There are 2 protein chains.
Amino acid sequence: MPDAGPAPASGGRYAGRSAASAVATIASVARVTLQTIADEVGVSRMTVSNAFNRPDQLSAAMRAKILATADRLGYTGPDPTARALVRGSSGAIGVLLTDDLAYGFRDGVATDFLAAVADELGPTGLSLTLLSSEGRDGVVPARDVAVDGVLVFSCSLDSTARDWLVKRGLPLVLVDQEPDPGFASVGIDDYHGARLAAQHLVDLGHRHVGILISGGSPGTVGRLADPRREAEGWKYVSRQRLAGFLDVLEAAGAEAVAHHVAEHGDHAAAEQAREILGANPRPTALLCYSDVLAAGALRAAEDMGLAVPDDVSVVGFDDNPLATRVRPELTTVRQDAYAKGTAAARALTEALRTAQDGEPAEPVEVVLPTELVVRESSGPAPG
Amino acid sequence: MPDAGPAPASGGRYAGRSAASAVATIASVARVTLQTIADEVGVSRMTVSNAFNRPDQLSAAMRAKILATADRLGYTGPDPTARALVRGSSGAIGVLLTDDLAYGFRDGVATDFLAAVADELGPTGLSLTLLSSEGRDGVVPARDVAVDGVLVFSCSLDSTARDWLVKRGLPLVLVDQEPDPGFASVGIDDYHGARLAAQHLVDLGHRHVGILISGGSPGTVGRLADPRREAEGWKYVSRQRLAGFLDVLEAAGAEAVAHHVAEHGDHAAAEQAREILGANPRPTALLCYSDVLAAGALRAAEDMGLAVPDDVSVVGFDDNPLATRVRPELTTVRQDAYAKGTAAARALTEALRTAQDGEPAEPVEVVLPTELVVRESSGPAPG
DNA sequence: CTGAAAGCGCTAACAC
DNA sequence: GTGTTAGCGCTTTCAG
């Protein structure tokens, strides 16, 4: 009676379903669906659906009755997955990060960026799904998770994950990636910013500069024999920044010694910094790919008994919150990660809209400015 | 010919589908599905599915041919949504945050917690979906987004969002919430930690202490006439910490003046701190619900020309990374947000497993310890 | 205002 | 090995 009794209107098909369902969910209450409510109230499944999605399509009384029944039976409303299947959209947008998901919560630049994305997305009702670029256990998030569009934020060089996203034909926004005519892209003027940093050192009289960079092939560690050549396959941002450093240094006739840091962390950076600073003659300044690496350089200098900036100048990049937490405070190149996030989120919602409307629409290409911020870690070349 | 030609095996049903599909996706290429590949290769849809999911269920040659065709036609593999529907799981777990999603990227405690969750989830291949507790535009993430389980991390008092999750019957882990026998819960020993903080001040001779707290009803601002009573409807953590403060203070015969801060931010906290410190006689110490509020208190003291800790002591809670960034560094109660995240993620994956197996399994209840960390912001009561 | 039909794209089960 | 049957839970026509 609890199930079969009050459902005279349901066809054999649905009766069959109920039975199957009851068998399928052993030991648990048979799942409540639109049909359950429909059977109970004695209307069609469609009317129940309308009660939830189109209040104006049925009488207020009918709707109230349906909603009450739904509530009594513990029905929470249309199943998100089923709805997503038929509607063709999931209500979530993805952010493709590195294989280390937690990076998005640890790095100051990433959190600023993501906070902006979250702020921008909130009002739209879209949720944010973090995708790691490398899924184990056979599942590849970029291929197997339902999202309506993705912000490709930071991914490894050989980004299989990114390739999957492209193949899936999802609306994409490339953030800090090599611009691709097919997609919207948002980034900062890395090349110019790098030039500013290098020029700053040149202006201070430095003619022998060490460069600490990461973002190259995973295998690479230590001094680069021919930085320009080796950088060819690197991450876009790394290539841009390196090029900016080198162009200015070379034009000024300064000697540049570039070391590649295996992973983007202060620990690894300190190690390379020690190598660079151990040379004779010692470079008078260190130009770093990021503030994170610069923080490592600072530690190395301290360990070696070198005063910053008196013995050696250190310049970072990003103006990570970290930059003002270390001592001395870092001279760096400022980027507005929050603005980048806002722009990226907007570009994606825009892409989502045009994808839905079928309009082709030229993808935007945003390049945010960078700016030199002189603090305490840089000074005139010694001697 | 491109579609109808090489598909003699497909029944009328599928021919019909193709046509409908072609009409549906106006101006865009008809979507490639399992059926498209099946028609092209001349096998059944099921065989194609097996090629992707069960390599051992078909000949290597057949599989290779299918995969090649799929690749040629730009098929990326089974649609995540359709697969989720039929499998009953989406591959993503949710985190319910406040209505301000970005909070998860801004607050030090939240980022530590989430980083741990991300670290723990990575290897499982599950993705992380951030759910805001308040969705506008008619969509309620907690009700409308497909997830397999949720970490209820931080939600407003009247959490409708949380109620939806419960109704949906999703596996849940309550973090920093009032433990509920039906769900696993993870939290810290807030009450004990609060006692430690209060006792520290009592031991230093303070007998007139201001309390800065948040987490009560949104309307409440300013001094609380009867803190214990008013706190009855508050957030669990706030209630616990307040109780700890009060119990110790009262037992020591100290006078306590509690002010409620409208929102959890240093700005609002500074305002209340100014009020408390403007009283005559002035409290000799401030006990704060969090380091964020304590940072506000520090600013207020500075603005009023009061020296910390000489004129007034300030004690925080959480040992937020922020605690050592302010001057003077905060005496606080340390909690291990990362450990909390790890425990929560484990509890959820465990809950997911038992939910799937149908085993009832007693939900865990984890309470992590707290510890007093004495730094520079607390000292002997003046006078 | 309500309902019947037709599928969204896929997979578990079982038959051949 | 491969195909058939029978749906997962829902919404979009389009009739009444």
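Just so it is clear, the structure is predicted and the values come from calculations on it, not from any experiment. Here is the naming used below: chain letters follow the sequence lines, and residue numbers restart at 1 for every chain.
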Send over the distance from [X] [atom1] to [N] [atom2], rounded to a whole Å.
X: A:L34; N: D:dT12; atom1: CG; atom2: C1'; answer: 14 Å
X: A:Q35; N: D:dT11; atom1: CD; atom2: P; answer: 13 Å
X: A:M46; N: D:dC10; atom1: CE; atom2: P; answer: 11 Å

Quick check on contacts: within residues 50-70 of chain B, what sits under 4.0 Å from DNA chain D by heavy-atom distance?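 Those residues whose heavy atoms fall under 4.0 Å from DNA chain D, taken from residues 50-70 of chain B in numerical order, are B:Q57, B:L58, B:S59, B:M62.
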Kindly say if [X] contacts the phosphate of [N], meaning a side-chain N or O under 4.0 Å from OP1 or OP2.
X: A:S44; N: C:dG3; result: yes
X: B:S49; N: C:dT11; result: yes
X: B:T47; N: D:dG3; result: yes
X: B:Y75; N: C:dC10; result: yes

Sequence neighbours excluded, which residues qualify as side chain to side chain donor-acceptor pair (under 3.5 Å) partners of [X]?
X: A:Q57; value: none
X: B:E350; value: B:R353
X: A:K65; value: none
X: B:S49; value: B:N53

Provide the full list of ring pair (Phe, Tyr, Trp, His ring centres under 6.0 Å) pairs with a residue in residues 51-82 of chain B, sequence neighbours left out, each pair given once.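 Every pair satisfying ring pair (Phe, Tyr, Trp, His ring centres under 6.0 Å) with a residue in residues 51-82 of chain B: B:F52-B:Y75.
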Qualifying ring pair (Phe, Tyr, Trp, His ring centres under 6.0 Å) pairs, either residue in residues 121-156 of chain A, two or more places apart: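 Those involving residues 121-156 of chain A are A:F113-A:F153.
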side-chain hydrogen bond (donor to acceptor under 3.5 Å, both in side chains) contacts in which one or both residues fall within residues 84-98 of chain A, not counting sequence neighbours: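 Listed once each, the pairs are A:S90-A:D148.
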A:R72: partners by salt bridge (Lys or Arg N to Asp or Glu O under 4.0 Å), with sequence neighbours left out: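 Listed in chain order: A:E40.
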Between B:D71 and A:K167, is there a salt bridge with N-O shorter than 4.0 Å?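 Salt bridge flag = yes for B:D71 with A:K167.
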To the nearest 10°, give me the bend of the helix from C:dC1-D:dG16 to C:dC16-D:dG1, comparing the axes of its five terminal pairs at either end.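 End-to-end axis angle: 30°.
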Are the side chains of B:D119 and B:T342 in touch, meaning some heavy atoms are under 4.5 Å apart?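 Heavy-atom side-chain distance check fails, nothing below 4.5 Å.
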Strand-adjacent residues in residues 79-94 of chain A, judged by heavy atoms under 4.0 Å from DNA chain C: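 Hits under 4.0 Å, by residue number: A:L85, A:V86.
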Can you tell me which nucleotide in D:dC10, C:dG9, C:dG3 comes closest to the side chain of A:R45?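 The listed nucleotide nearest to A:R45's side chain is D:dC10.
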Acceptor/donor pairs from residues 122-132 of chain B side chains to any protein atom, 3.5 angstrom cut, sequence neighbours excluded:
from: B:T124; atom 1: OG1; to: B:L121; atom 2: O; distance (Å): 2.6
from: B:T124; atom 1: OG1; to: B:L126; atom 2: N; distance (Å): 3.2
from: B:T129; atom 1: OG1; to: A:T129; atom 2: OG1; distance (Å): 2.9
from: B:S132; atom 1: OG; to: B:E134; atom 2: O; distance (Å): 3.2

